Structures are given as structure tokens and as C-alpha cells.
Participant: 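Let me begin by handing over the structure; questions about it come next.
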Amino acid sequence: MSASASAANPESAKPEPAIPEPADSGPKGSRRIPKVPFWAQIVAGLVLGVVLGWITRSYDVRWLHTTLDQVGHIFVQLLKLAVAPLVFFAILVSITNLRKVNNAARLASRTLLWFMITSLVAVGIGLLIGLLTNPGAGTGLTPKDGKKPEHAGSWLDFLTGIVPTDVITPFTELNVLQIVFMAAVAGIAALKLGERAKPILTLSESVLELLQKALWWVIRLAPIGTVGLIGYAIADYGWDLIGKYATFTADIYIGCALVLFGVYPLVLALAAKVNPVQFFRGAWPAIQLAFVSRSSVGTMPVTQRVTERLGVPKEYASFAVPFGATTKMDGCAAIYPALAAIFIAQIFGVSLSIGDYLLIAFVSVVGSAATAGLTGATVMLTLTLSTLGLPLEGVGLLMAIDPILDMVRTATNVAGQALVPVVVAAREKILDHRAYDTATSSPVDAYEDQGEHGERGGHGGHGGHGTGGGRTADGPLPATA
């Protein structure tokens, strides 16, 4: 058509209206199913586990009982599979990372000091609650109901058990304390070798990243594992058994809640001078995962991520968090043994003196390293009982209820493991306050997604916002998500 014809018919010059494409015709227009937040998945797993456990026990559904047992068992085994190498390489790398931090010795000593201070306060709360409530009274339990544990702990075992007899057995028997010892020796030796140890350190860092990536996949299975663990606990033990331990169970949960939401906020506000609510907003993904997994070591990658996210420099966090995951146990090593010792003493008719209570506090603060691993609370309790001269058969009284108690104990442990690095970093003026103030409670799977983006050269971290904006093991960790 000529130009004049076009001018004479202006309608023909107008472009035809675009026909909208169907919503599902391409990637841009496709509708994505919204992701369910991880916390919601956990809550759903808890509720479903309780329902299935009740059905199993009420109607004696044997196949469902077996299925719940296997699902929970497989989830725990997957966590255990990564524990030994994860602890070894995390401790080794964390010690060598201290060479990148100014005043490394001062940071390490301050970290240990705050571990001990918060543990002492926690055991004090446990003793006070036990003295006020008398958890062993009116339970109907007798010494005949107890039995000796398979693995007991004593000070001699603790001291002599630090050094392994060979380098293989600690990994096959999952002796975390000996693994920590070997990793510490290897890390210090690497620091002494300097540049000659660089190939080993590079390999160790790569292996650690590989282990953390594999553990992320296990962590994503936590909601399914929750169904199995909670369902089996309800199906196997039932509400009647929980009723016998009602006071003791309530004491553990109240004690942990007081430490979590009373002591820790005070420490953050007074010692670190930061907003306590913001700490829980940033650390919540690690706390909720710990509640479900019941493993401080299994939660360690998430704990380290949230700690860095709260503005703690990566070089320091990579030391403090693994160190805390194997030694900082306010739930398992402070509140629990204090209350359990009072409970067992009342069942066996043994009167405890002021000296005994002081011994409980001493054991809780000094012997907390004995809690390292996935069954540390039991070892810590036997260590406490043997120190006080109480019958070890008392441990058997608490084994049935232990899974219910272990959830809140581990959540308290992990919260403390994230708290202390924040407090020390704030007091030493290396905390990135802008990162801390803007940290949010991202879903757990977002942490892995951020790591994958970082590996592909994605968005940056806190760059330009002060200290603590380093890269995580899998990539940069933004202040918000």
C-alpha cells in the first residue's frame, strides 16, 4: 500500500491489538505453585505425627507403627552419617580460619568464657526449678523401674577417653569428643606448617562444603522425619507414660523457655547491647530445625549460616559455631542434668546437700564437652550421677521420655551456640550491626538457594556494610531474603 493510501485510511495504519498469551504458554506466564514455608512444613509434620501416632496406638496398627519407626530411624541415621566427617573438617577448618582474625586468642578465650557463664546461669535455673517443684514426688515410680544405661560416663572415662587409640575407631563408633581432639591437633599442626599445609587446607574446605551440601538435602527431609519421630514416640510410649513424668517434663520445658526467652534476651540487651527480638528473628530457622532433628551437630550448617547472617564475621563464626556445637549445651548439659539429678535422688530417697548442688553446677560447666554427639545428654547425666554417687539405674527411668525432652533441649543448645558468637562479636566491635538489624527469618531452603546462587556468581552479600559480610561456605549470604 502507498503512503497516500495509508494517509487516506488512518484505520489501516493502526497496529492490530496484541492477543494476550495464555497464562501457561511460556515460562514467564506460567503459574508457580507457592512454596510452603519450612516452619509450616515442620508444624504440619508435628501435627501429622501426633495424629498417626494416636491412630497407631489406639487401633494397634502394626504396619503403621513399623513405618513410623523406620521413617524416623532413617532420618536420624542420615544425620549420623554426616556427623563424624562434618565435625572433623569443621573443627579443622575453623581453627585454621582463626589465622585470618585479629586477636584470635582473645576471641577464643572470650567465647569459652561466655559459654561457661551462660551454662552456669542455666544450671542455676534448673536447680531452682527442681527445688521448687519436686519433680520426683507423686510419680508412682520406684527404683525397680530403673536400669543401668549401656554407656555410662565418669571423670576417668572422660579424661582418658579424649585421646583415641587409633584414627579409625572414633569415626566408626561416632566418638565425637575424640574426633574433636584429632581435628584440633590437625588444625594446630596446619597452622604451624603455614604455607606448606595450604593444599591440605584447600582440600579440607572443599570436603566441608561437599558435606554441608549433602547435609542440606537431609535437612530438607526434616518434616518427613518429624512425622516418623513424633508418631513413633506417641505410638510407642503413649500419653499414660508422659503423664507419669508430667512435672519433670514441664520443668524441662519451663527451664529451657526461661533460658531461651529470659536469660538470652537479657544477655543480648545488657552485654551485647543489641535487639533480642532481632536475634530470634534471624536465628529461628536453626532453632526450629534443632527442635525437630534433636542434633546440634546436624543443625550446625544452618546455625553457622544464621550466625553469619546476624553480622558475625565468617572467619570467627566458622570457629565459634563448630566449637559450640560440640561443647555448648545449655539444654543437655545444664538444665537437664540438674533437674534429672534431683528427680532421681527423690525416686531413690537420697537427700542432696548444698555441696551436691555445687557439684552439679561444676560438672555442668566443666564437663559439658562430654555431651558431644547425638546421645550426649545421657552421657552427661551418667557423669553427673557418678560424681554425686547416685545410682546409675536412675538413667533408665528417663530413657522412655527422652525423645520428648530432647527436642526442647537441643533447641536451647543451638540458640546458645548462635548467641555467644553474637555477644562476643558485639563486645569486640566486629559485629556488622546493619546485617544484624536487617536479618530476617528466611525459610531453611532459602539458605541452600542462596549458596547455589553464590556459586554461580549471583548477588552479593553485605558488602560495604561493615564487618561480617563475607561469603558463606556455599556463597554469599545476603542480609535479607
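Everything quoted here is computed from the prediction, not taken from an experiment. Both backbone and side-chain heavy atoms feed into the values below; hydrogens, waters and symmetry mates do not.
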Participant: A190 and A197: which non-hydrogen atoms are nearest, and at how many Å?
Facilitator: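 Minimum heavy-atom separation between A190 and A197: O-CB, 3.7 Å.
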Participant: Please find the pair of heavy atoms, one from G126 and one from L339, that lie closest to each other, and give the distance.
Facilitator: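 Result for this residue pair: O-CD2, 3.4 Å.
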Participant: Rounded to the nearest 0.5 Å, what separates atom CD1 in I125 from atom SG in C256?
Facilitator: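 SG of C256 is found 10.0 Å from CD1 of I125.
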Participant: Would C332 and D406 count as a side chain to side chain contact (heavy atoms under 4.5 Å, CB included) if you check the C-alpha gap in whole Å, the side-chain angles of each, and the deciding distance to 0.1 Å?
Facilitator: CA-CA 8 Å; C332 292; D406 201 25; 4.1 Å; yes
Participant: Side-chain donor-acceptor pair under 3.5 Å between T410 and N413, yes or no?
Facilitator: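 Not at all, the side chains of T410 and N413 share no donor-acceptor pair under 3.5 Å.
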Participant: Looking at side-chain heavy atoms only, is the closest gap between M116 and L120 below 4.5 Å?
Facilitator: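 When only atoms from C-beta onward are counted, L120 and M116 do not touch, as no gap falls below 4.5 Å.
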Participant: For the residue pair F319 and S94, what are the closest heavy atoms and their distance?
Facilitator: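 Between these two residues, the closest heavy atoms are CA-CB, 3.2 Å.
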Participant: Got a second to check how far T438's OG1 is from D432's CG, nearest 0.5 Å?
Facilitator: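 One finds 7.5 Å between OG1 of T438 and CG of D432.
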Participant: Would you say E308's side chain and A317's backbone share a donor-acceptor pair under 3.5 angstrom?
Facilitator: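 Side chain of E308 to backbone of A317, a donor-acceptor pair under 3.5 Å: no, none is there.
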Participant: What I want to check is whether the side chains of S119 and D330 have a donor and an acceptor closer together than 3.5 Å.
Facilitator: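 On atom types as modelled, these side chains qualify, holding a pair under 3.5 Å.
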Participant: Other residues, nucleotides and ligands only: do more than 12 of their heavy atoms fall within 6.0 Å of CG on L132?
Facilitator: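 Buried by this count: over 12 neighbours within 6.0 Å.
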Participant: Roughly how far, to the nearest 0.5 Å, is the OH atom of Y253 from the OG1 atom of T412?
Facilitator: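 Rounded to the nearest 0.5 Å, the OG1-OH separation comes out at 9.5 Å.
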Participant: So, T111 and Y316: side-chain donor and acceptor under 3.5 Å apart, yes or no?
Facilitator: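 Checked: T111/Y316 side chains pair up, N/O donor to acceptor below 3.5 Å.
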Participant: In Å and rounded to the nearest 0.5 Å, what is the CG to CD1 distance from L86 to I179?
Facilitator: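 These two atoms lie 10.0 Å from each other.
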Participant: Would you name the heavy atoms of V123 and A338 that are closest together and state the gap between them?
Facilitator: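 That closest heavy-atom pairing would be CG2-CB, 3.8 Å.
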Participant: Report yes or no: does T96 contribute a side-chain atom to a donor-acceptor pair with the main-chain N or O of V93 at less than 3.5 Å?
Facilitator: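 Yes: the side chain of T96 pairs with the backbone of V93.
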Participant: Any non-hydrogen side-chain atom of L229 less than 4.5 Å from a side-chain atom of R294?
Facilitator: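 Counting from C-beta outward, L229 and R294 do come under 4.5 Å.
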Participant: Got R427 and W114 here, is their nearest side-chain heavy-atom distance under 4.5 Å?
Facilitator: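 Counting from C-beta outward, R427 and W114 do come under 4.5 Å.
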Participant: Go through the structure and list residues passing salt bridge (charged side-chain N to carboxylate O under 4.0 Å, His left out) with R106, not counting sequence neighbours.
Facilitator: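 Testing R106 for salt bridge (charged side-chain N to carboxylate O under 4.0 Å, His left out), a comparison that skips the adjacent residues, returns E428.
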Participant: Does the ring center of F280 lie less than 6.0 Å from the ring center of F261?
Facilitator: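 Yes, they do, as the ring centres are separated by less than 6.0 Å.
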Participant: What do the steps show when you test I230 against L68 for side chain to side chain contact (heavy atoms under 4.5 Å, CB included), and what is the final call?
Facilitator: CA-CA 8 Å; I230 299 300; L68 292 171; over 6 Å; no
Participant: Strictly below 4.0 Å, N to O, side chains only: are D402 and R409 in salt-bridge contact?
Facilitator: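 Here D402 pairs with R409 in a salt bridge, since their nearest N and O are under 4.0 Å apart.
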Participant: Return the minimal non-hydrogen interatomic distance between M300 and P322, and the atom names on each side.
Facilitator: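 Where M300 meets P322 most closely, the heavy atoms are SD-CA, 3.4 Å.
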Participant: CD1/I335 to CE/M329 distance, rounded to the nearest 0.5 angstrom?
Facilitator: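 Spacing of CD1 (I335) from CE (M329) equals 13.5 Å.
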Participant: With a 4.5 Å cut-off on side-chain heavy atoms, are Y357 and I342 touching?
Facilitator: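 Of all side-chain heavy-atom pairs linking Y357 with I342, at least one is under 4.5 Å.
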Participant: So, do D251 and F343 sit near enough that their side-chain heavy atoms are less than 4.5 Å apart?
Facilitator: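 The answer is no, as the side chains (C-beta and beyond) never meet within the 4.5 Å cut-off.
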Participant: If we check side-chain contact (heavy atoms from CB on, under 4.5 Å) with Q304, which of these qualifies: V321, T299, V312?
Facilitator: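 The passing option is V321.
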Participant: Does the side chain of F248 come within less than 4.5 Å of L405's, by heavy atoms?
Facilitator: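 Touching, per the 4.5 Å side-chain cut-off.
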Participant: Decide yes or no on side chain to side chain contact (heavy atoms under 4.5 Å, CB included) for Q288 and V292, but give the supporting numbers first.
Facilitator: CA-CA 7 Å; Q288 70 174 4; V292 174; over 6 Å; no
Participant: For the aromatic rings, using the six-membered ring if either is Trp, is the centroid distance between Y436 and F279 under 6.0 Å?
Facilitator: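 Not close enough - the centres of the two rings lie 6.0 Å or further apart.
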Participant: Specify the closest pair of heavy atoms between V306 and A286, including all atoms of both residues, with the distance to one decimal.
Facilitator: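 What the structure gives for the nearest pair is CG2-CB, 3.9 Å.
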Participant: So, does S318 use its side chain to make a donor-acceptor pair with the main chain of E315 at under 3.5 Å?
Facilitator: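 Here the side-chain-to-backbone pair exists.
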Participant: May I ask you to check whether over 12 heavy atoms, not counting those of L112, lie within 6.0 Å of atom CG?
Facilitator: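 Atom CG in L112 is packed in, count exceeds 12.
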Participant: Measure the CG-OG1 distance between D356 and T384 for me, rounded to the nearest 0.5 Å.
Facilitator: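 With rounding to 0.5 Å, CG (D356) is 12.0 Å from OG1 (T384).
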